[in-house]
Amino acid sequence: MPEGHTIHRQARLQRAALAGERIRSWSPQGRFAAGAARLDGRKLNDIEALGKHLLYRWDSGDTLHVHLGLFGKFKTFKSNPPPPTNMTRLAMAGGRAVVYLSGPTICELLNTEEEDDLRARIGPDPLAGQRSGRRFASNLSRRRIPIGSALLDQRVVAGIGNVYRAEVLFKCRIAPHRPADQIHGDEAALLWTTIRSELRAGEAAGRIVTVRPNDVGVRARVDIPREERLYVYKRAGLPCRRCGDTVLSAEMANRLIWWCPTCQPLSR
DNA sequence: GGGTGATGCTGAG
DNA sequence: TCAGCCTCACCCC
């Protein structure tokens, strides 16, 4: 379930659960055996989220880099952890909690140079607290690709995934096919603030809920049914929650995207 | 119980 | 552009 909000949430929760202690680390699956052995018994100083990447800082000077990819998952147990399965790539056990990681695309130790490379190829992170709206706008202005593709490019903005790209464009009334370099300054500013507030809401809630109170016929609650939480994502053929027109979908940047042709006109 | 798609990304061609 | 990789929830039988 990993867009940027999940990663930042994990950083926050795991910081509270593990940081500041010596951590027993091992790789039940065996695929990270050497790395885990190197970290075993070291003190975990801090965890940093960077877009969809997680960086764990250890007192040995080591940095553990985790990227969940499409399938990666964390499971945290405060008490009575079940034994890890042979799918558990990395297990980290401290005095307060145990965290199991399975299915990550990346689980590796980084040296300084590799970490610099990672930072260099990642765009502004809306959850990192920086004021990077201008950088985001400038990144857009330099791409001729559709805005729907640009939002998935982690060099443009770090942390957006397929759900948020569709939802954020809907909220800002921008058609996904419009070229990124033709997004007006005020639209780019609105996009940035919308991305920030939506990712923040997702981080806090632990799930993606973009539908808000004042929109027709939908409760503003986190516990609303799953199929009412989003405006357009995976709603092809269904009526737009705002105007009733039919939600469309198409492939863009190798993934499906959904939009309302009335609420998100091609020209503004 | 099998099949499939998924909130991601890379590297080969 | 496309196959490949990682895992599992969900659907259908």
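Protein chains get the first letters and strands the later ones, always in sequence-line order, with residue 1 at the start of each. Source: prediction; values computed, not measured.
Of the possible polar contacts, one joining the A:R196 side chain to the A:P126 backbone as a donor-acceptor pair under 3.5 Å is found. Using modelled atom types, no side-chain atom of A:Q10 and backbone atom of A:T6 make a donor-acceptor pair closer than 3.5 Å.
Candidate nucleotides B:dA6, B:dT10, C:dC8 were compared by shortest atom distance to the side chain of A:K234, and B:dA6 ranks first. Listed nucleotides: C:dC8, B:dA6, B:dC9. Nearest to the side chain of A:F71: B:dA6. When the nucleotides B:dA6, B:dT10, C:dT7 are ranked by their closest atom to the side chain of A:L70, B:dA6 comes out on top. Distance from the side chain of A:H67 is smallest for B:dG8 among the nucleotides B:dG8, C:dC6, C:dC8. In the set B:dT10, B:dG8, C:dT7, B:dT10 carries the atom at the smallest distance from any side-chain atom of A:R121.
Taking 4.0 angstrom as the limit, A:R255 places a side-chain polar atom (N or O) nearer than this to OP1 or OP2 of B:dG8.
A 3.5 Å limit on both hydrogen-bonding distances identifies C:dA3 as the Watson-Crick or G-U partner of B:dT10. Across all strands shown, the partner of C:dC8 is B:dG5, judged by Watson-Crick or G-U wobble contacts whose two distances both fall under 3.5 Å.
If you check every strand for non-hydrogen atoms under 4.0 Å, A:R31 touches sugar and phosphate atoms only. Using a 4.0 Å heavy-atom cutoff across all strands shown, A:I208 reaches at least one base atom of the nucleic acid. Residue A:E251 is out of contact with every strand shown, counting any heavy-atom pair closer than 4.0 Å.
In this structure the side chain of A:L127 reaches within 4.5 angstrom of the side chain of A:R200, judged on heavy atoms.
At whole-Å resolution of the value, CD in A:Q154 and C1' in B:dG8 are 8 Å apart. Counting to the nearest Å, the P atom of B:dG8 and the CE atom of A:M252 are 16 Å from each other.
Spacing between C:dC5 and B:dG13 at atom P, rounded to whole Å, works out to 14 Å. The gap from the P atom of B:dG5 to that of C:dC13 amounts to 15 Å, rounded to the nearest Å.
When all heavy atoms are compared, the tightest approach of A:V211 to A:E228 is CG2-O, 3.4 Å. Nearest heavy-atom pair, A:K52 versus A:I160, reported as atom, atom and distance to 0.1 Å: NZ-O, 2.7 Å.
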